[in-house]
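Below you'll find the structure, written out as structure tokens, and then a few comments.
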Amino acid sequence: MKKETKIISVGRDKKWTKGVINPPVFRASTMIFDTMEEMRFATKNRANGEMFYGRRGGPTHFAFQAAIAELEGGSGTALYPSGSAAISGALLSFLKAGDHLLMVDSAYEPTRDLCNKLLAGFGIETTYYDPMIGEGIAELIRPNTKVLFLESPGSVTMEIQDVPTLSAIAHQHGLIVMLDNTWASPINSRPFEMGVDISIQAATKYIVGHSDVMLGTATSNDTHWEQLRENSYLMGQCTSPDDVYLASRGLRTLGVRMQQHEQNALKVANWLATRPEVDHLRHPAFETCPGHEFFKRDFSGSNGLFSFVLKQGDLKSVTALVENMDHFKMGFSWGGFESLILGVFGIDKIRTATSWDSSKPLIRLHIGLENADDLIADLEAGFVRFN
Ligand SMILES: Cc1ncc(COP(=O)(O)O)c(CNNC(=O)CNC(=O)c2ccccc2[N+](=O)[O-])c1O
């Protein structure tokens, strides 16, 4: 079955949908039983899709969990109130005091803060590594290293990592491999075929696709599924069936939306490549993006999120560029139908394992579903203000 067909059919088992097309919204804390035997059965099977208690979820959740697990190729999917909660929930399900974590230097900034503040306070030490390190990762592995965390591409600087090589080396040392797979979404990469153990999605982005829900998922292979599921439950991680319903609904148009985002973004990126102000594009489909060769090997498509670096500029000129756009809005997110623009400063001050030339400003774009010609006209007017 092709991925476009799969995203239409997954997570619609009649035992969850009761025969309607979209899994209904079941709002519940309490679920009642007629007999003690029914209660015993539900308790015994509470982790396997039996109605038990609100915190374990209901049919709305079970349908979406089945959909994501099948799309990503995992054994089971845990749900969280945000992508960041999925990251912290996955890490805290496998790390304890005295453990060591390897974290990619291009990680989403709040992920870095989680490591430096909360995990450090729990006695978990983090070493950051160059996203392009490849086989050199072996030298950073210690006897107490438990998790290798990847984010590919990095959500601001867009480096694509050699996930199969890094996963193979990590497994030679008994590590668990976690991948923040949000950019690929569940349809543009096969994380478990690359050796990943736990694939994390900020469903907030393309899965929901309408900038109106916060939601996260962590999908595990068979080996680690029970520990992820039970530790996330012990942390009380649960989600609103209304939000999960909207994520299920978003899933059905993920294929066509991603194609349009990709098509629009490539048109805009190719135009940017002709601009004299642009130093280079950091779009995975372009050779100028670090790890482009891994994108061609490991991904089956791109989307609307990419960055570009200007040859020069300062706060004043970048502000003139990004403000007063007709269609690009400034906002902290991506993956919805709208176009967004961010001038990102201070990358050199955040990173600890790699250097960054801060003399050249970075602009991150999310290309939405508007007409690409209108978006190009918007950027053209922006460069007039910039110059
Ligand atoms: C790859 C990846 N993984 C996890 C999350 C968190 O998801 P959540 O927002 O649902 O918690 C995200 C959230 N993404 N949000 C953004 O990219 C918005 N930008 C920022 O938040 C941000 C924050 C500080 C500095 C720079 C940025 N930035 O992206 O430019 C993500 O991109």
Side-chain angles (χ1 to χ4, degrees), residues 68 72 78-92 103-118 131 149-161 163 178-186 188-189 191 196 198-219 237 239-240 243-244 246-247 250 261 282 284 291 299 302-309 315 318 322 328-336 338-351 356 358 361-368:
I68 298 297
E72 291 219 87
L79 302 182
Y80 304 84
S82 68
S84 288
I87 293 166
S88 60
L91 286 168
L92 289 170
M103 175 59 68
V104 66
D105 207 28
S106 52
Y108 172 55
E109 191 178 352
T111 299
R112 179 183 290 268
D113 291 344
L114 168 74
C115 298
N116 295 345
K117 296 170 184 170
L118 192 66
F149 196 98
L150 306 97
E151 179 182 322
S152 179
S155 62
V156 176
T157 47
M158 305 304 288
E159 299 90 341
I160 299 104
Q161 297 187 255
V163 175
M178 297 185 186
L179 168 67
D180 183 332
N181 198 31
T182 304
W183 192 86
S185 88
N188 277 342
S189 78
V196 169
I198 294 176
S199 177
I200 295 164
Q201 300 274 345
T204 309
K205 313 301 170 188
Y206 279 118
I207 292 173
V208 166
H210 292 71
S211 306
D212 55 3
V213 170
M214 301 295 297
L215 191 67
T217 68
T219 301
Q237 296 279 8
T239 55
S240 150
D243 287 342
V244 174
L246 288 172
H261 284 292
R282 296 177 83 92
F299 289 75
S302 62
N303 58 41
L305 190 75
F306 71 93
S307 296
F308 65 94
V309 173
L315 180 61
V318 168
V322 302
F328 284 94
K329 304 302 177 192
M330 290 186 288
F332 283 123
S333 191
W334 49 280
E338 77 286 358
S339 287
L340 298 169
I341 189 166
L342 271 179
V344 184
F345 294 90
I347 296 171
D348 57 316
K349 296 183 179 61
I350 297 165
R351 295 195 157 191
W356 183 264
S358 58
L362 177 141
I363 307 290
R364 190 180 78 168
L365 297 179
H366 179 255
I367 303 299

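Computed from a prediction, not measured in an experiment: that's the story for all the values here. Each ligand, and each atom within it, is numbered from 1 in the order the structure gives.
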| With respect to Arg364, which candidate in Val156, Leu340, Ile341 satisfies the side-chain contact (heavy atoms from CB on, under 4.5 Å) definition? |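 Exactly one pass, corresponding to Val156.
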
| message | Donor-acceptor pair, distance only, cut-off 3.5 Å: does the side chain of Asp180 make one with the backbone of Thr182? | response |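 Looks like yes, one N/O pair under 3.5 Å.
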
| Partner set under side chain to side chain contact (heavy atoms under 4.5 Å, CB included) for Thr157, not counting sequence neighbours | Ser106, Glu159, Arg282, Ile347, Arg351, Trp356, Leu362

| task | Locate the shortest heavy-atom distance separating Val322 from Gly343; write the atom from each residue and the value. | result |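 Heavy-atom minimum between the residues: CG1-N, 4.4 Å.
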
| query | Should Glu151 and Gln161 be marked as a side chain to side chain donor-acceptor pair (under 3.5 Å) after you check the CA-CA gap, both sets of side-chain angles, and the distance that decides it? | reply | CA-CA 8 Å; Glu151 179 182 322; Gln161 297 187 255; over 6 Å; no

| message | Can you work out which protein residues put a heavy atom within less than 4.0 Å of ligand 1? | response | Ser82, Gly83, Ser84, Ile87, Tyr108, Glu109, Glu151, Ser155, Val156, Asp180, Thr182, Ala202, Thr204, Lys205, Met214, Phe332, Ser333, Trp334, Leu342, Val344, Arg364

| query | What's the verdict on side chain to side chain donor-acceptor pair (under 3.5 Å) for Lys205 and Ser333, showing C-alpha distance, side-chain angles and the deciding distance? | reply | CA-CA 7 Å; Lys205 313 301 170 188; Ser333 191; 2.7 Å; yes

